[in-house]
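Bear in mind the structure is a predicted one, so any value in this text is a computation, not a measurement. No hydrogens, no waters, no symmetry mates; every other heavy atom, side chains included, goes into these values.
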There are 2 protein chains.
Amino acid sequence: MPRPPGRPRSGIDDTVFAATLETIDSLGYTRATVDRIAAAAGIAKTTIYRRWPTKGALITSCLVDAFGPAPLTGADRSEVLSAAIRWIAAKIGEPGIGAAFAGVFTDAVNDPELRQILSTQLQDPYRLALEQVLNEPEQRVLFFIDVVVGTLLHRLGMTGRPMVTTDVEALVTMVVATLNESPAQQSPTSAVPARRS
Amino acid sequence: MPRPPGRPRSGIDDTVFAATLETIDSLGYTRATVDRIAAAAGIAKTTIYRRWPTKGALITSCLVDAFGPAPLTGADRSEVLSAAIRWIAAKIGEPGIGAAFAGVFTDAVNDPELRQILSTQLQDPYRLALEQVLNEPEQRVLFFIDVVVGTLLHRLGMTGRPMVTTDVEALVTMVVATLNESPAQQSPTSAVPARRS
DNA sequence: CGGTATCGATACTAGGAGTAGCATAACTCG
DNA sequence: CGAGTTATGCTACTCCTAGTATCGATACCG
């Protein structure tokens, strides 16, 4: 794949991501203006707007980078889900990440385009992976995501602090219990045999 | 109680509340500027700022008025909690209320003063009432509130639509199960007898 | 060296939160 | 009725932020 003509982009994405989280962590989401983020990264604001169309897109991109792939490991479905909940809770507790997440989520509520970006780029990969590994339908996985992420963000938003371990464990217990009770399905297609009408 | 001197305030609070919800419902939270809300209410913007210090305070006040007292009724704790969850879910689904709630919550994440207003004026009354009627400690009631409200707002924020009845019932089932399992406490002080050291 | 695309810097537009000042309206008291 | 007091409407303003425009300089390719 030949390099396209013109001056190549300098590899500053990681620098911008780091500057974004640092600025949000130290000043809060609203005061983390694009100007300040650019200054913290040592680049011009216009350079940021050449790479990300809006501030929300920048934050989303930063979060996708910060979260990385989810560790969906465990002996059974319960362990996988427990590990996933503890993982996202820890991530939201990291400096800057939780505030960035809450901030961009907040913006997305009233911005359909940003909501689309957030849903597609950030949520969907994890949702699809969870549907696979848990062998659960989309509706149910979306419900779990709403419960877990919604709870963690509500706690962060109302108190300004991430959820403590004790409550995270209560969340794990509650959600895993729900997973194992309702329509328990261990094997995908054979659980409910098709019935001819 | 003698009327204080000067021109009395005109009784426009209800008009402003209605105009606020209407404007948010039709234009969305971000486009519902104070100017537009004032115009919809047929008053001057300065009049709004004489009664509420900030836009967030106006929305919070509007929500307190819109929610009203929670119907904490039922034969036992499970019924009370179930009714409360269905009630808040229905409220958040009403036109304008959910968007207003999500919007002001969003703003509060990065605004400690607004967070204080929201916590004190909106959440605390319901939290205290729930602690009484459920006979549960503060920490546990706060956890339930985080789960229920967080889940409902996350669904509204990610999809733009309130949670459907099926999922609300799943939420009810999940939370009520947690209420009845963990440290079940039927009587307040006698459950754990004081032990002299 | 020519072509192309990025970067930095400065200046700009658009829009919303919140404020200031003033004329006017409404009400109480004497 | 008139003086005192407070609320309202209106206009104009400040401050801040997202996002855009422009232009010279820079880096890479052939």
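Non-hydrogen atoms lying under 4.0 Å from DNA chain D are contributed by Lys45(A), Thr46(A), Tyr49(A), all within residues 37-49 of chain A.
Checking the phosphate oxygens (OP1, OP2) of dC7(C), a side-chain nitrogen or oxygen of Ser10(A) falls inside 4.0 Å. Using a 4.0 Å cut-off, some side-chain N or O of Arg51(A) falls inside it from OP1 or OP2 of dC7(C). A close approach under 4.0 Å does occur between a side-chain nitrogen or oxygen of Arg36(A) and OP1 or OP2 of dT17(D).
For Glu113(A), the CD atom counts as loosely surrounded, since its 6.0 Å shell holds 12 or fewer non-hydrogen atoms of other residues, nucleotides or ligands. Taking a 6.0 Å sphere around CD of Glu79(A), one finds it holds more than 12 heavy atoms contributed by other residues, nucleotides or ligands. Atom CZ of Arg31(A) has 12 or fewer heavy atoms from other residues, nucleotides or ligands within 6.0 Å.
Here the P atom of nucleotide dT11(D) and the CG atom of Asp35(B) are 12 Å apart, to the nearest Å. Put simply, CZ on Arg9(A) is 15 Å from C1' on dG8(C), counting in whole angstrom units. The CH2-P distance, from Trp52(A) to dA18(D), rounds to 15 Å in whole Å. dA17(C) atom C1' lies 12 Å from atom CG of Asp111(B), rounded to whole Å. In this structure, the CD atom of Glu113(A) is 17 Å from the P atom of dA18(D), given to the nearest Å. One interatomic measurement links the two molecules: CD1 of Ile12(B) to C1' of dA7(D), which rounds to 9 Å at whole-angstrom precision.
The side chain to side chain contact (heavy atoms under 4.5 Å, CB included) search around Ala84(A) returns Leu72(A), not counting sequence neighbours.
Between Glu169(B) and Arg86(B), at least one side-chain N (NZ, or NE/NH1/NH2) sits under 4.0 Å from a carboxylate O, which counts as a salt bridge.
Within 3.5 Å, a donor on the side chain of Arg7(A) pairs with an acceptor on the base of dT6(C), or the reverse. Remark: the Arg50(A) side chain and the dG8(C) base include a donor-acceptor N/O pair separated by less than 3.5 Å.
In this model, no donor atom of one side chain and acceptor atom of the other lie less than 3.5 Å apart for Asp111(A) and Thr30(B).
In this structure, Gly6(B) and Thr30(B) both approach DNA chain C, and ranking their closest nucleotides by distance from the 5' end singles out Thr30(B). Both Pro53(A) and Arg31(A) lie near DNA chain D, and the one whose nearest nucleotide falls closer to the 5' end is Arg31(A).
Annotation: side chain of Phe144(B) is not in contact with side chain of Ile85(B) (no heavy-atom distance under 4.5 Å).
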